[in-house]
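One structure is given here, and the rest of the page talks about it.
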Amino acid sequence: MTTLSISSLSVRYGNVTAVSGANLEIQSGSVTAIVGPNGAGKSSLLLATAGAIRVETGSVMLDGENLTPLSANARSRKGVILVPQGRQIFGTLTVRENLHVMADSLRLSSDRVEEALDRFPILRERWNQPGGVLSGGEQQMLALARAIMGRPKVLLLDEPLLGLAPLVIDVVLRTIRDMASSGMALVMVEPSMRLIRGEITRGYVLLRGQIVDVAESAGELSAVYARRMGLDSVSC
């Protein structure tokens, strides 16, 4: 069983503390939500976990191995892969080139590209089109396909549903559900629980850079987040 443990993790940008002393534990086969308002530090927490930014203090452990000194690329090879907010695909490269750049970076065979495309058949139709001309939904599928190629143990998703049409949201959520069922551990950052409530198995509330609540079910997370935000639990 895969376990990702984040201990006493802090991130600073100059004099500003973005994340302070965060402790999380992520298990295989789970969908863990990190919820909180804009500016709470959610993206910084994921970026630090993936190795994309430096941590001030704390550690990131995967199955007992300390990943903290490793680069983002090295962590990807170990099985921790981030799908960042904004997708960050290469707009001037074709779908094919985007996927092969990832395959080359992680030293993967071309079979992995085919496996990823099997999840998103529309990308086969867009194979020779530049990433920049794809719709927002197609770009998100490309970003997910690129990450899935690495067969991650832990997949970090930063607002994966942002700006997507309802049909594309269904595709993304179905993909997340399938990956969790296969044993992958998923972490989703979202400002609201409205769209993801049916998928998550546990979660954390992040406010002003600090984990203020831990919940062991979607219902409990919805209730504690609503209480913290002063919202109706049905609409948060």
Side-chain angles (χ1 to χ4, degrees), residues 1-7 9 22-36 42-43 45-51 59-68 70 72 74-85 102 106 108 111-112 115-120 140-141 143-161 168-190 192-206 211 213-225:
M1 174 180 286
T2 294
T3 301
L4 179 74
S5 298
I6 299 167
S7 302
L9 189 143
N23 296 288
L24 301 88
E25 187 161 298
I26 313 298
Q27 301 286 347
S28 58
S30 66
V31 180
T32 300
I34 302 174
V35 296
K42 304 185 300 297
S43 292
L45 178 55
L46 283 200
L47 289 167
T49 301
S59 64
V60 178
M61 309 283 291
L62 181 65
D63 295 333
E65 180 180 1
N66 187 6
L67 303 186
T68 316
L70 301 183
R75 293 190 202 192
S76 293
R77 292 195 188 103
K78 293 289 185 180
V80 178
I81 296 180
L82 171 67
V83 178
Q85 187 181 102
M102 183 66 163
L106 297 182
L108 304 176
D111 291 345
R112 297 289 188 91
E115 288 177 16
L117 289 171
D118 286 343
R119 287 190 178 271
F120 304 106
Q140 187 63 285
M141 291 179 199
L144 281 168
R146 192 174 56 183
I148 291 168
M149 285 194 308
R151 294 180 184 168
K153 295 179 179 179
V154 181
L155 185 61
L156 309 171
L157 302 165
D158 194 353
E159 297 196 22
L161 308 180
V168 181
I169 288 174
D170 289 343
V171 171
V172 172
L173 290 178
R174 183 169 63 250
T175 302
I176 288 168
R177 200 177 305 129
D178 290 346
M179 290 188 291
S181 296
S182 73
M184 192 183 299
L186 294 103
V187 183
M188 295 180 67
V189 154
E190 284 290 336
S192 168
M193 285 193 58
R194 183 174 59 86
L195 295 174
I196 64 172
R197 186 182 287 110
E199 311 305 326
I200 62 175
T201 51
R202 68 193 307 266
Y204 297 84
V205 179
L206 189 67
I211 300 291
D213 279 300
V214 182
E216 299 301 329
S217 69
E220 181 186 356
L221 182 60
S222 179
V224 297
Y225 185 40

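As the structure is a computational prediction, the values presented were derived from the model and not from experiment. Numbers here are sequence positions counted from 1.
- With values rounded to the nearest 0.5 angstrom, Lys153 atom NZ is found 12.0 Å from Met184 atom CE.
- For the pair Val60 and Leu70, the minimum side-chain heavy-atom distance is 4.5 Å or more.
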*Apply the test side chain to side chain contact (heavy atoms under 4.5 Å, CB included) to residues Arg151 and Glu115: give CA-CA distance (whole Å), side-chain angles for both, the deciding distance (0.1 Å), then the verdict.*
CA-CA 10 Å; Arg151 294 180 184 168; Glu115 288 177 16; 2.6 Å; yes
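- Taking every heavy atom of both residues into account, Met102 and Ile81 meet most closely at CE-CG2, 4.3 Å.
- Here CD of Gln140 is found 10.5 Å from CD1 of Ile169. Values are rounded to the nearest 0.5 Å.
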*Check step by step if side chain to side chain contact (heavy atoms under 4.5 Å, CB included) holds for Arg146 and Val83.*
CA-CA 9 Å; Arg146 192 174 56 183; Val83 178; over 6 Å; no
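- When each of Ile6, Asn23, Leu206 is checked for a side chain to side chain contact (heavy atoms under 4.5 Å, CB included) with Ile211, only Leu206 meets the rule.
- In this structure, the separation between CG on Leu155 and CE on Met179 is 5.0 Å, given to the nearest 0.5 Å.
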_Residues Leu24, Ile34; criterion side chain to side chain contact (heavy atoms under 4.5 Å, CB included); working and verdict_ = CA-CA 10 Å; Leu24 301 88; Ile34 302 174; 3.8 Å; yes
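- Looking at every heavy atom in both residues, Ala180 comes nearest to Ser30 through CB-O, 4.4 Å.
- Here the side chain of Ser222 pairs no donor or acceptor atom with the backbone of Gly219 at under 3.5 angstrom.
- Atom CG of Leu156 sits about 10.5 Å away from atom OG1 of Thr32, to the nearest 0.5 Å.
- Heavy atoms only, all atoms of each residue included: Ile200 and Ala218 are closest at CG1-CB, 3.6 Å.
- Contact record, Asp63 with Met1: OD1-O, 3.5 Å, taken as the closest heavy-atom pair.
- No side-chain donor-acceptor contact under 3.5 Å links Glu25 to the backbone of Thr3.
- Minimum interatomic distance between Thr68 and Ser59 (heavy atoms only, all atoms of both residues): OG1-CA, 3.2 Å.
- When all heavy atoms are compared, the tightest approach of Ala48 to Leu9 is CB-CD2, 3.9 Å.
- The structure places CG of Leu195 at 8.5 Å from CE of Met188, a figure rounded to the nearest 0.5 Å.
- Expressed to the nearest 0.5 Å, how far CD1 of Ile148 lies from CG of Asp178 amounts to 9.5 Å.
- A donor-acceptor pair under 3.5 Å is formed between the side chain of Arg75 and the backbone N or O of Thr49.
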